[in-house]
Amino acid sequence: MAFPSTSSVAYPRSLSPLRRCPGFLALLVAVLLFLSFQLVIHVPSIRLAVSGWLFSDHQTERKGPGSCPGCHNGMDNADKTIAYTNQDGRIRLFKVTTREFLSSSIWKNPLLPKDTEPVAETQEIAEEQLLATGSEVSNLSSTETLETRTDPIKLKREVFRRKRKEHRIQELLQVDKEAELHMRNVATNRSRNFSNKVRASYNIWRLQFHHTNTDSTLRLMKDQIIMAKVYATIAHSQKQPDMYALLMKCIKLCQEAIGDAHMDYELDSSALERAKAMGHALSSARDVLYNSDEVSRRLLVMLQSTELNIDSVKKQNSFLVQHAAKTVPMPLHCLHMQLTTDYYFRDGTIKEYFHDAALKEEEDKAKREDRSLYHYAIFSDNVLAASVVVRSTVAHAKEPEKHVFHIVTDRLNFAAMTMWFIRHPPLPATVHVENIDNFKWLNSSYCSVLRQLESARLKEYYFKAHDPSSLSDGNENLKYRNPKYLSMLNHLRFYMPEIHPKLDKILFLDDDVVVQKDLTPLWDVDLKGMVNGAVETCKESFHRFDTYLNFSHPKIAENFDPRACGWAFGMNMFDLKEWKKQNITGIYHYWQDLNEDRKLWKLGTLPPGLITFYNLTYPLNRNWHVLGLGYDPAVDLAEIENAAVVHYNGNYKPWLDLAVSKYKPYWSKYVDLDNSHIQHCYMSEQ
């Protein structure tokens, strides 16, 4: 049988044009390939079929005599090729071992039918638990269900969430009505007491916290102003009025843009433009006027001038703070005058107060010497401050009827102090007010400090402007010129047995303290033979003896340790039996006589107290007495809340406008705002 030659075979007419157009054929093949590729990418079933076809040989090779469908025996070191498409649609391959793959994947055998295909045990259990918990899985989209079922970790999490939810539902169903009502009340109270008040100044949404260097532009402009002043002085000395005028104009504009700003967000909107204009002006000035020696000399002059101004401002500030601290505020003075007037000009109502007070005085006379009661000593010329001390103490006392307050004041304030406690007795506690002038034993022949206070040298120290401690001579110890150091009330704490001869123990309280807890446990503290129970104030190198005493003096250096820990007056438990036995008042007189020329220590009562009670002070727990509210704005609020007594020692007393605002409520909540005199004096001030 003869076959026709190849050359004589006739191709169909429809293919002849394609042979004549190979470019068109290539384009058609490319389009078909592109469409096939897109189908593989976007249709999951086709993608899985292609992947299984491509790697079927690889999976067939893995089958061996020891293998079984769905088992992992002997496959710890086997590699598995993973195919995936990246975000550009390109197929990528990588290999992982079986051990790495088992924790996050499920083995499937493509040769088995779907209904007999083994599934990982973890997934099987998880799916069964999911199906048993409810029908929420069916509400998921097909994509979410596929992703969840192919990730055992997600399945476990879902099972855990559902179990926890069911457990909580069962708990709530078993709660009785009483417990449910209690939960509702707790939630209601919590919502009522919720405060959205900003507790600190920091807030990430504020403009000033958007950048780390929030004052960089401000500092740049201030630096520009300094350099502009330097170049302006040089331009003025070299008679270049145009450059001088330009620099002064830029300085004025920048100062107006800065104003009172402390952060960049507080600057005027034109600040950046003015800073750029200043930069151009400084560049021009540098080209014309720059001379390193001249600029250095001008900067040194400015630095010295600034230091002198700072020293002057510090002295003025110190003087004004001391002046404000020792000045009686007008409302407080008004209160004293109102009470004094009531005391001397008694109308019908006030006469009744005095009659009742006289009867109570006779009843309470025995209490003032009863050693089984709790006695307090307060020395004060401030009616409002003393009332807060008494009121806060009684408010927290467990047995207020057993508390007796001994208040000593001067002749000037005796009427006001007496009138206040006649009209506002802290019942059921007892208050006894005494006049210091009635202490006949207190005279210059017995009391060293009283003799010194009357001396001409001390009066000159306080009142002569040319004294080294005066403002004009620049001494920083202006606080020692405070009139409180001239008041004998400040030194009465060293004469406790003379004032209260029949008592065994007494608690001394300053008039600038607030009591926040019951103080009766202090009477049970064993002072272990010591005379004074006080809270120590030393922290590392602060508030030790060398801070208060002059250790360059041989008398001090020989008798005391400069590293000995200091303590605080303000809340002190005194054992008057040991006081008499140790002759504490005699020790005080001895050292006070030695310090007549003020060479051992400056004025005040703490230095002689440290000396007098040296090795005779028992340290109390710090929670009994927290100090610093009158000068330190950084006292820990948690310590204040836990303290039994808080002390406003320092110049920023709570009754002054200088007071630290965040500490003031601890004191002001014990002021009797219902009193007509307080309302009149303080409301008229506003």
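The structure presented is a predicted model; accordingly, all values stated were derived computationally and were not measured.
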Glu434 meets the side chain to side chain donor-acceptor pair (under 3.5 Å) criterion, sequence neighbours left out, with none

- Under 6.0 Å from the OH atom of Tyr652, do we count more than 12 heavy atoms belonging to anything else shown? no

Between the CD atom in Glu180 and the CG atom in Asn185, the distance rounded to the nearest 0.5 Å is 11.0 Å

- Report the C-alpha distance between Ser668 and Trp655 in whole Å, list the side-chain angles of each, state the deciding distance to 0.1 Å, and finish with yes or no for side chain to side chain donor-acceptor pair (under 3.5 Å). CA-CA 8 Å; Ser668 60; Trp655 54 84; over 6 Å; no

Q) Is there a donor in the side chain of Gln338 and an acceptor in the side chain of Tyr343, or the other way round, less than 3.5 Å apart? A) no

*asked:* Parallel, tilted or perpendicular, judged at 30° and 60°: which one describes the rings of Phe613 and Phe569?
replied: perpendicular

Discussion item. Do Ser380 and Asn382 pair up side chain to side chain, a donor and an acceptor below 3.5 Å, judged on atom types alone?
Written reply: no

Tell me if a side-chain donor or acceptor on Arg493 pairs with a main-chain N or O of Asn490 at a distance below 3.5 Å. yes

Looking only at heavy atoms, the pair that brings Leu503 and His406 closest together is CD1-NE2, 4.2 Å

* Asked: Does a sphere of radius 6.0 Å around NZ in Lys577 hold more than 12 heavy atoms from other residues, nucleotides or ligands, not counting ones at 6.0 Å or beyond?
  -> no

NZ/Lys365: more than 12 non-hydrogen atoms of other groups inside 6.0 Å: no

Next item on the list: Could you tell me how the ring of Trp523 sits relative to the ring of Tyr374: parallel (under 30°), tilted (30 to 60°) or perpendicular (over 60°)?
Entry: perpendicular

In this structure, CG of Asn413 is separated from CD1 of Ile436 (nearest 0.5 Å) by 11.5 Å

Which atom pairs, one a donor and one an acceptor, fall under 3.5 Å between side chains of residues 627-638 and the rest of the protein, sequence neighbours left out?
residue : atom : partner : partner atom : Å
Asp632  : OD1  : Ala634  : N            : 2.9
Asp636  : OD1  : Ala638  : N            : 3.1

In this structure, CD of Glu578 is separated from CG of Asp504 (nearest 0.5 Å) by 11.0 Å

For Asn642, does its backbone N or O pair with a side-chain atom of Lys517 as donor and acceptor, under 3.5 Å? yes

query: Got a sec: does the NZ of Lys664 have more than 12 other heavy atoms crowding it under 6.0 Å?
result: yes

ask   = Heavy-atom count around His396 NE2 within 6.0 Å, excluding the residue itself: above 12?
value = yes

Margin query: Could you tell me if Asn435 and Asn438 have a donor-acceptor pair between their side chains, going purely by distance under 3.5 Å?
Written below: no

Is a salt bridge present between Asp370 and Lys502, judged by a nitrogen-to-oxygen distance below 4.0 Å?
-> no

Checklist entry - Can we say Asp575 and Lys505 salt-bridge, meaning some charged N sits less than 4.0 Å from an Asp/Glu carboxylate O? => result no

So CG of Asp524 and CE of Met573: to nearest 0.5 Å the spacing works out to 9.0 Å

In terms of heavy-atom contacts, Leu509 and Val389 come closest through CD1-CG1, 3.9 Å

Exercise. Strictly under 6.0 Å, is that where the ring centroids of His589 and Tyr446 end up?
Worked result: yes

| query | What about Trp601 and Tyr548, are their ring centers closer than 6.0 Å? | reply | no

- Query: Asp342 and His677: side chain to side chain donor-acceptor pair (under 3.5 Å), yes or no, with the steps?
  - Reply: CA-CA 10 Å; Asp342 289 348; His677 292 327; 2.5 Å; yes

**Prompt:** So, Gln679 side chain and Leu673 main chain: donor-acceptor pair closer than 3.5 Å or not?
**Reply:** yes

Checklist entry - So, do His403 and Tyr376 have ring centers that fall under 6.0 Å from each other? => result yes

How about Val394 and Tyr670: do any of their side-chain heavy atoms sit closer than 4.5 Å? no

>> If you count heavy atoms of other groups shown closer than 6.0 angstrom to NZ of Lys314, is the number above 12?
In response: no

Tyr588 vs His491, test: side chain to side chain donor-acceptor pair (under 3.5 Å). Steps then yes/no. CA-CA 10 Å; Tyr588 166 70; His491 296 267; 3.2 Å; yes

query = Any luck finding a side-chain donor-acceptor pair between Ser392 and Trp667 under 3.5 Å?
reply = no

Residue set satisfying side chain to side chain donor-acceptor pair (under 3.5 Å) with His500, at least two apart, ordered chain then number -> none

- Message: Side chains of His262 and Asp215 only: does a donor on one sit below 3.5 Å from an acceptor on the other?
- Response: no

In this structure, OG of Ser387 is separated from CG of Leu384 (nearest 0.5 Å) by 4.5 Å

(Q) Taking the ring centre of each residue, are Tyr648 and Tyr666 less than 6.0 Å apart? (A) no

Paired with Val646, the side chain to side chain contact (heavy atoms under 4.5 Å, CB included) test is passed by just one of Asp512, Val513, Val514, Val515, namely Val514

| said: Can you confirm whether Trp579 sits close enough to Met496 that some side-chain heavy atom of one is under 4.5 Å from a side-chain heavy atom of the other? | reply: yes

Between the CG atom in Asn572 and the CG atom in Asp510, the distance rounded to the nearest 0.5 Å is 8.0 Å

